[in-house]
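I have placed the structure first, in the form of structure tokens, so that the comments after it can refer back to it.
Remember, predicted model here, so these are calculated numbers, not experimental data. Note that ligands are numbered from 1 as they come in the structure, with each ligand's atoms numbered from 1 the same way.
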Amino acid sequence: METQQARLMDGTDLARRITETSAAAAEDIRRRAEVSPCLATVLVGEDPASVTYVRMKQARCAKAGIRSRHVPLPASVSTSGLVETVTALSEDPDVHGILLQHPVGAHIDERAAFEAIAPEKDVDGVTMHSFAAMGFGLPGFVSCTPGGIMRLLDEYDVDLTGKHAVVVGRSPILGKPVGMLLLGRDATVTYCHSRTVGLPAIVREADVLVAAVGRPRFINGADIKPGAVVIDAGYNPGNVGDVDFETARHRASLITPVPGGVGPMTIAVLLEQTVDAAARRLIRP
Ligand code: NAP
């Protein structure tokens, strides 16, 4: 039934507005505390995609008046070496937020490295502390992409109460936390993953669908419930999402484009949380 054309959820515009507000808040901190917010970025090795992501985050920081302190480490760094570096940043009063770019390399205990981030500097929302706070609905920093998705849903006045939200993907930084945030907003949440049986039938029941799989055009438009809200968090080579956009846009009521949907929101939330961390330390401790 191809009866409609979905409205696009514009992440680029919303991210720009959030970043403008963060820049104004960063300037206010600089004026009042005579120091600008500072994000430390830790990069292990030279994986080209990670190098690009970190550069992009630093460039956006600079535009918003946030200093970055870049800490590159060799791919051969040990878990204890990485933990030591992150611990030093956690203890450094001039650093307000810490971003440890992942993946960090298979020989490293990534969890141990993340846990060395002090909760009050966990602006990327990757520690157990942040995850638990989010699960309990308590204040804290959220995982950035899930946080960005929730902001997009709110921007487009999507009422989540009692809605069936289906999240395809259960990674610790994306699928799992976005499901928890949706649950916290009274949606009825179903998680799907690689062992799910009968996935298309579950997708067809979704009022709100979040695709976080990492497989190009994995969700077929024909499986989308007419009128559903479709959030495509996927970002695959060639700027292709996890949802088959051309077929899905005729079934959904709202849909995020790729690029320009979820992607820009991730960095916007990172900047916002960095400025917030700095404000908590410098202005309203
Ligand atoms: P991930 O860690 O690889 O997780 C992928 C998830 O998809 C896993 O839970 C996996 O299930 C599930 N999955 C894989 N194949 C499946 C299948 N055939 N059927 C059902 N589920 C399947 O990936 P991620 O880090 O969450 O990222 C997912 C996508 O989001 C990627 O395209 C990534 O580039 C994108 N992303 C975008 C942003 C952004 O800023 N826009 C940020 C992060 C990620 P199992 O758990 O069973 O293995």
TODO: Please check if any side-chain donor atom of Thr127 sits under 3.5 Å from a side-chain acceptor atom of Asp122, or the reverse.
DONE: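 On atom types as modelled, these side chains qualify, holding a pair under 3.5 Å.
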Task: Side-chain donor-acceptor pair present, Ser68, Thr41, cut-off under 3.5 Å - done: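 Their side chains do not contain a donor-acceptor pair, so the 3.5 Å distance test is not met.
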Decide whether [X] and [Y] are clustered together by the hydrophobic rule: side chain heavy atoms of Ile, Leu, Val, Met, Phe, Trp, Tyr closer than 4.5 Å, transitively.
| X | Y | value |
| --- | --- | --- |
| Ile173 | Phe131 | yes |
| Val142 | Leu39 | no |
| Val269 | Tyr235 | no |

Residue, atom name and distance, where the atom is the protein heavy atom closest to [atom]:
| atom | result |
| --- | --- |
| atom 27 (O) of ligand 1 | Leu174 CD2, 3.9 Å |
| atom 15 (N) of ligand 1 | Arg215 NE, 3.1 Å |
| atom 8 (C) of ligand 1 | Arg170 N, 4.0 Å |
| atom 21 (N) of ligand 1 | His193 C, 3.1 Å |
| atom 16 (C) of ligand 1 | Val213 CG1, 3.7 Å |

With a 4.5 Å cut-off on side-chain heavy atoms, are [Y] and [X] touching?
| X | Y | value |
| --- | --- | --- |
| Met9 | Val229 | yes |
| Ile231 | Leu209 | no |
| Ile98 | Ser90 | yes |
| Met265 | Ile149 | no |

Show the atoms of ligand 1 that are less than 4.0 angstrom away from any heavy atom in [X].
| X | result |
| --- | --- |
| Leu199 | 20 (C) |
| Gly169 | 6 (C), 7 (O), 9 (O) |
| Asn236 | 32 (O) |

Minimum distance, heavy atoms only, to [atom]: which one of [options] is it?
| atom | options | answer |
| --- | --- | --- |
| atom 32 (O) of ligand 1 | Tyr235, Tyr53, Tyr191, Phe218 | Tyr235 |
| atom 47 (O) of ligand 1 | Pro259, Ser194, Pro146 | Ser194 |
| atom 6 (C) of ligand 1 | Gly263, Gly234, Ala212, Ser143 | Ala212 |
| atom 30 (O) of ligand 1 | Gly214, Gly241, Cys144, Ala233 | Ala233 |
| atom 1 (P) of ligand 1 | Ala211, Ser171, Gly11 | Ser171 |

Once you restrict to heavy atoms under 4.0 Å, what part of [X] touches ligand 1? Side chain, backbone, both or neither.
| X | result |
| --- | --- |
| Met265 | neither |
| Thr266 | side chain |
| Thr196 | neither |

Open item on the list: Going by side-chain hydrogen bond (donor to acceptor under 3.5 Å, both in side chains), name the residues that satisfy it together with Arg31, two or more places apart in sequence or in a different chain.
Closed with: Asp28
Just list the side-chain donor-acceptor pairs under 3.5 Å for residues 99-109, sequence neighbours left out, or say none.
unit_1 : atom_1 : unit_2 : atom_2 : d
Gln101 : OE1    : Lys57  : NZ     : 3.0
His107 : NE2    : Ala75  : O      : 3.4
His107 : NE2    : Val77  : O      : 2.8
Asp109 : OD1    : Arg111 : N      : 3.2
Asp109 : OD1    : Ala112 : N      : 3.1

Open item on the list: If the contact criterion is a heavy-atom separation under 4.0 Å, does Thr145 count as touching ligand 1?
Closed with: yes
Task: Heteroatom distance test (Arg195, ligand 1): nitrogen or oxygen, under 3.5 angstrom - done: no
